[in-house]
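I have placed the structure first, in the form of structure tokens, so that the comments after it can refer back to it.
Computed from heavy atoms alone, side chains included, the values below leave out hydrogens, waters and symmetry copies. Below, chains carry the letters A, B, ... as their sequence lines are ordered, and counting in each starts from 1.
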Amino acid sequence: MAVMDGNQDTAGAVASWAVDERPFADDVLEWYGLVARDLPWRRPEAGPWGVLVSEVMLQQTPVNRVLPVWEAWLARWPGPAALAAEPAGEAVRMWGRLGYPRRALRLHQAAAAIVERHGGAIPDRLDDLLALPGIGTYTARAVAAFAFRQRHAVVDVNVRRLVARAVEGAAEGPAAVSRRDLATVENLLPADPETAARASAAFMELGALVCVARAPRCAGCPVRERCAWLLAGSPPSDGPARRPQGYAGTDRQVRGRLLAVLRDADGPVDAALLDAVWDEPVQRDRALRGLLDDGLAVAVGPGRYALPGDVTASLSV
DNA sequence: AACCCGTGGTA
DNA sequence: TTACCAAGGGT
């Protein structure tokens, strides 16, 4: 069975199979060189800010939907200082329909923290990145690797699935990324930091384009000859089925509709406008209260609501 | 640990 | 059409 031994060369050992002589990452890197998408945040001119913004936007959100928003965002706010200088509501408005708008709020907060703590420069240490609002394990490592070309295991859902299949021989891994996953992936990374950073992007690309969740395109996979899952006959998942996500009729849908009204308005809106988007008053009020609690909306007067920090809003109380 | 948080494309 | 899924984070 193929062993994923990264760059380790066992002195004196004679490999039994040719495939074992080549590091896993080399096969993926070669493939990546041929098919990698030309995404704007992968270009050097994107800079750390461009990378950070892309990573936050890409959380649970497909690349194609992120592209136009990222372009507009970077054009308007070329750095964290420019974003921090504007009201949070502007970030929420620019976020558009990307979903999970709390990310916009946290990105605005992160920009402010970067200005305050780091003089406006994106920090390059994992600790400092992790301390920023909305930046978790994945995003901190992604920024350190892709923006600063450091050697860190970067494990998202794509890499998690790739490892589950290619290394562990399972159809899918646990929902959460574990410390063990990070160690496994780090063992696959080349020693040279720049090459490791490129390999991290390559792993994610492989998971996103070939080793996809539903119908993996194994015929075009650069590691098919040593994929443990494929060699085991592509066994189906044995874990418990995931709970259905559901959306219609949930508070999330109501929040989405309420926020869409605020986002599309120039300034404060009357409560009647919000009432019109959902019939059931108890759920509607709960959703609005949730938006207020989260700081995604503010009350600016009797029966008037707006996005946070809106200049018009503060004048109209 | 389990649950909450949006939105739209695809089969 | 329903169901699945998408570069997670916070609590």
Point to revise | Separation of atom CZ in A/Arg103 from atom C1' in B/dT7, rounded to whole Å | key: 10 Å
Study note, to complete from the structure: note: A/Leu107, atom CG; C/dG10, atom C1'; distance rounded to Å ~ 16 Å
Exercise for review: Kindly state which residues belonging to residues 59-75 of chain A come within less than 4.0 angstrom of DNA chain B, counting heavy atoms of the residue only, listed by number.
Suggested key: A/Gln60, A/Thr61, A/Arg65
Practice item. Quick one: label A/Arg37 by what it contacts on the DNA or RNA (base, sugar-phosphate, nothing), any heavy atom closer than 4.0 Å. Key: base
Check your understanding: Atom CG of A/Asp294 to atom C1' of B/dG6: distance rounded to whole Å?
Key -> 13 Å
Point to revise | N or O in side chain of A/Arg106 less than 4.0 angstrom from C/dG9 OP1/OP2 | key: no
Exercise for review: Using the rule that two of Ile, Leu, Val, Met, Phe, Trp, Tyr join whenever any of their side-chain heavy atoms come within less than 4.5 Å, decide whether A/Val155 and A/Leu130 are in one cluster.
Suggested key: no
Point to revise | Atom-to-atom span, NE2 of A/His152 to C1' of C/dA7 - whole angstrom | key: 17 Å
Point to revise | Gap between atom CZ of A/Arg76 and atom CD of A/Glu86 - 0.5 Å precision | key: 4.5 Å
Exercise for review: Look at all strands and tell whether A/Ala142 reaches a base, only sugar-phosphate, or nothing, counting heavy atoms closer than 4.0 Å.
Suggested key: nothing
Review point. Any idea which of B/dG6, C/dA7, B/dT7 is nearest the A/Arg255 side chain?
Key: B/dG6
Check your understanding: Ring centroid separation for A/Trp73 and A/Trp95, is it under 6.0 angstrom?
Key -> yes
**Study point:** Heavy-atom side-chain proximity of A/Asp270 to A/Tyr305 below 4.5 angstrom
**Key:** no
Exercise for review: Look at A/Glu30 together with A/Arg22 and state whether they make a salt bridge at an N to O cut-off of under 4.0 Å.
Suggested key: yes
**Study point:** Interatomic distance where CE belongs to A/Met204 and C1' belongs to C/dG8 [whole Å]
**Key:** 11 Å
Practice item. Pick base, sugar-phosphate or nothing for A/Ala208, based on heavy-atom distances below 4.0 Å to the nucleic acid. Key: sugar-phosphate
**Study point:** Interatomic distance, A/Tyr138 OH vs C/dA7 C1' [rounded to whole Å]
**Key:** 4 Å
Practice item. Respond yes when some side-chain nitrogen or oxygen of A/Arg161 is under 4.0 Å from OP1 or OP2 of C/dA6, and no when none is. Key: yes
Point to revise | Check: C/dC4 base within 3.5 Å donor-acceptor of A/Arg214 side chain | key: yes
Practice item. Describe the nucleic acid contact of A/Trp41 in one word from base, sugar-phosphate, nothing, applying a heavy-atom distance below 4.0 Å. Key: base
Practice item. Grab the CG-C1' distance between A/Leu129 and C/dG8 for me, whole Å please. Key: 15 Å
Practice item. With C1' as the reference atom in both, quote the distance from B/dG8 to C/dT1 in angstrom, rounded to an integer. Key: 15 Å
**Study point:** Backbone N/O of A/Ala84 and side chain of A/Gln109: donor-acceptor pair under 3.5 Å
**Key:** no
Review point. For atom CZ of A/Arg37, is the number of surrounding heavy atoms from other residues, nucleotides or ligands below 6.0 Å larger than 12?
Key: yes
Check your understanding: How is A/Arg252 classified with respect to the nucleic acid when contacts are heavy atoms under 4.0 Å: base, sugar-phosphate, or nothing?
Key -> base
Practice item. Describe the nucleic acid contact of A/Thr137 in one word from base, sugar-phosphate, nothing, applying a heavy-atom distance below 4.0 Å. Key: sugar-phosphate
Practice item. Scan A/Gly136 against the nucleic acid and name what it touches under 4.0 Å (heavy atoms): base, sugar-phosphate only, or nothing. Key: sugar-phosphate
Check your understanding: Are any of A/Tyr247's side-chain N or O atoms less than 4.0 Å away from OP1 or OP2 of B/dT7?
Key -> yes
**Study point:** A/Glu55, nearest nucleotide to its side chain (from C/dG9, B/dT7, C/dA7)
**Key:** C/dA7
Point to revise | Protein-nucleotide distance (A/His108, atom NE2; C/dG9, atom P), rounded to Å | key: 21 Å
Check your understanding: Are any of the side-chain nitrogens in A/Glu172 or A/Arg160 under 4.0 Å away from the carboxylate oxygens of its partner?
Key -> no
Practice item. Name the residue closer to the 5' end of DNA chain C, choosing between A/Leu39 and A/Ile135 according to the nucleotide with the nearest heavy atom. Key: A/Leu39
**Study point:** Span that lies between the C1' atom of C/dA7 and that of B/dA2, in whole angstrom
**Key:** 23 Å
Review point. Is there side-chain contact between A/Trp41 and A/Arg43, with at least one heavy-atom pair below 4.5 Å?
Key: no
Review point. Checking all strands, does A/Thr139 fall into the base, sugar-phosphate, or nothing category for heavy-atom contacts under 4.0 angstrom?
Key: sugar-phosphate
